[in-house]
Amino acid sequence: MKKYCKQYRIKIKGRRAAVRPGRMILWLFLAALALIVLYPIVFLISGSLMGNDELKSYLGAVILGKNGYAQFPPLPMFPTLQHYVELFLDSPEFFVMFWNSMKITFGVLIGQFIVGTMAAWGFAKYDFPWKKGFFLLYMILMLLPFQVLMLSDYLVLDFFGLTDSLWGIILPGVFSTFPVFIMYRFFTEIPDSLIESAKLDGAKEWQLFLYLALPIGSSGIIACMVLGFLEYWSLIEQPMTFLKDKSLFPLSIFLPDITSIDKSGIAFAASVVTFLPAILVFLGGQDYLEQGIMAGAVKE
């Protein structure tokens, strides 16, 4: 028995030794892909820490039209926080646009939480005439891009006097159909027997929604909030279409407007400050986001 166990251990060790080189190659390959994917972020952070002269020497061929090729090392030769100081102390328009982005993003998220959860709960647990037809219409609207609905949205907002206003950006986002689709999948997983037992105990309709639907469907709700934040934090087309007053522009419009070489360092610093909230929200809600994607992929 001992001899057999010894031979078995030797065989297992031989297998591990044979598998390790393959795993090492796989890990190296995946690490190389990860570096390629992360290089733009390294590029961004490194550029925000470079001085203007260093940026000119590296990016002059692209921005100034000089001969040669652009070069960009992963680390700055002479790191400086000059651009961050200039951004936070000498760029009041940055803070105006930052707060505009906050108003748009959280205004849409609060509205989607109120409207989307109720609509999803109604589709999931109530029967009413033409229910399947309305839900199909929701799905069709979800698939249509903004460019298709741009003219009709503009005419409706102009009729109500909401163009050139942050409400013209917030309200169309509040009634987006995508959060309803995600939350609907989570609410359908709630057993009908649980709802019936709660009704027998005297629970009213609003109590079923507040104390049953929202807690159990919290994963889907958080997934929608994460996706909504990532989408509306970086809006470009809607503000450029519906807003004319530059004081109402969000931060996503501020970044492409910086094109001169003298302001390229500020552009790098502003980009870093802009993508940090999105990164933090994504990392905090990554697990819920995966659950939401898997729920959306399940067929009825």
Side-chain angles (χ1 to χ4, degrees), residues 104-146 148-149 152-153 156-157 160 162 167-233 235 238 281-300:
I104 291 173
T105 304
F106 285 98
V108 171
L109 294 183
I110 293 172
Q112 286 185 352
F113 176 78
I114 297 173
V115 176
T117 52
M118 291 183 181
W121 179 249
F123 276 118
K125 294 301 178 183
Y126 290 93
D127 291 325
F128 50 88
W130 301 340
K131 172 182 174 180
K132 293 185 178 180
F134 281 121
F135 192 75
L136 178 61
L137 180 61
Y138 262 61
M139 297 305 99
I140 294 174
L141 292 174
M142 183 183 70
L143 297 175
L144 294 178
F146 169 73
V148 175
L149 302 173
S152 58
D153 286 350
V156 172
L157 293 174
F160 288 103
L162 295 175
W167 287 109
I169 310 297
I170 295 173
L171 289 179
V174 167
F175 296 99
S176 174
T177 59
F178 181 71
V180 178
F181 173 73
I182 297 295
M183 296 180 200
Y184 168 81
R185 298 295 177 180
F186 281 85
F187 289 155
T188 53
E189 297 296 325
I190 300 176
D192 293 333
S193 57
L194 183 61
I195 298 175
E196 293 298 329
S197 62
K199 288 181 178 180
L200 291 175
D201 290 336
K204 299 180 180 179
E205 297 296 333
W206 64 270
Q207 291 175 323
L208 294 175
F209 178 73
L210 288 179
Y211 301 114
L212 192 65
L214 295 184
I216 297 178
S218 59
S219 298
I221 296 172
I222 295 175
C224 291
M225 297 299 103
V226 173
L227 289 172
F229 185 93
L230 297 177
E231 179 183 359
Y232 291 96
W233 182 254
L235 281 182
Q238 289 89 333
V281 169
F282 175 78
L283 294 177
Q286 185 177 5
D287 294 337
Y288 299 101
L289 187 58
E290 292 175 357
Q291 295 177 23
I293 294 173
M294 289 188 293
V298 175
K299 294 183 180 180
E300 288 188 358

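Numbering of residues begins at 1 and proceeds along the displayed sequence.
With hydrogens and angles disregarded, a donor-acceptor distance shorter than 3.5 Å links the side chain of Gln207 to the backbone of Lys204. A donor-acceptor pair under 3.5 Å links the side-chain atoms of Lys131 to the main chain of Tyr126, judged by distance alone. No side-chain donor-acceptor contact under 3.5 Å links Gln112 to the backbone of Met225. One N or O on the side chain of Ser197 and one on the backbone of Leu194 form a donor-acceptor pair closer than 3.5 Å.
Between Phe187 and Thr117 the shortest heavy-atom distance is CE1-O, 3.5 Å. Residues Ala198 and Leu208 share a closest heavy-atom pair of CB-CD2, 3.5 Å. The minimum heavy-atom distance linking Ile182 with Gly220 is given by the pair CG2-O, 4.0 Å. The shortest non-hydrogen separation linking Pro179 to Cys224 is O-SG, 3.6 Å. For the pair Ala119 and Tyr138, the tightest heavy-atom approach, listed with the atom from each and the gap, is CB-OH, 4.4 Å. Nearest heavy atom pair, residue Arg185 against residue Glu189, reads O-CG, 3.4 Å.
Side-chain contact between Leu157 and Pro172 is present, with heavy atoms from C-beta onward closer than 4.5 Å. The shortest side-chain heavy-atom distance between Trp121 and Ile190 falls under the 4.5 Å cut-off.
Separating the CD1 atom in Ile140 from the OG1 atom in Thr177 is a distance of 10.5 Å, to the nearest 0.5 Å. One distance of note links CG of Leu144 with OG of Ser152; it measures 9.5 Å at 0.5 Å rounding. For the atom pair Glu196 CD and Asp201 CG, the distance stands at 11.5 Å (nearest 0.5 Å). Rounding to the nearest 0.5 Å gives a distance of 12.5 Å between CD1 of Ile221 and CG of Leu109. Between the CD1 atom of Ile170 and the CD atom of Gln238 there is a distance of 12.5 Å, given to the nearest 0.5 Å. Atoms OG1 and OH, from Thr105 and Tyr232 in turn, are 10.0 Å apart once rounded to the nearest 0.5 Å.
Classified by interplanar angle (parallel below 30°, tilted 30° to 60°, perpendicular above 60°), the ring pair Phe134/Trp130 is tilted. Ring orientation note: the planes of Phe135 and Phe123 are nearly perpendicular, at an angle over 60° on the 30°/60° scale.
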Practice prompt. Please test Lys125 against Asp192 for side chain to side chain contact (heavy atoms under 4.5 Å, CB included), starting from the C-alpha separation and ending with a verdict.
Written response: CA-CA 8 Å; Lys125 294 301 178 183; Asp192 293 333; 3.0 Å; yes
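For Tyr211, the OH atom sits in a loose shell: 12 or fewer heavy atoms of surrounding residues, nucleotides or ligands are nearer than 6.0 Å.
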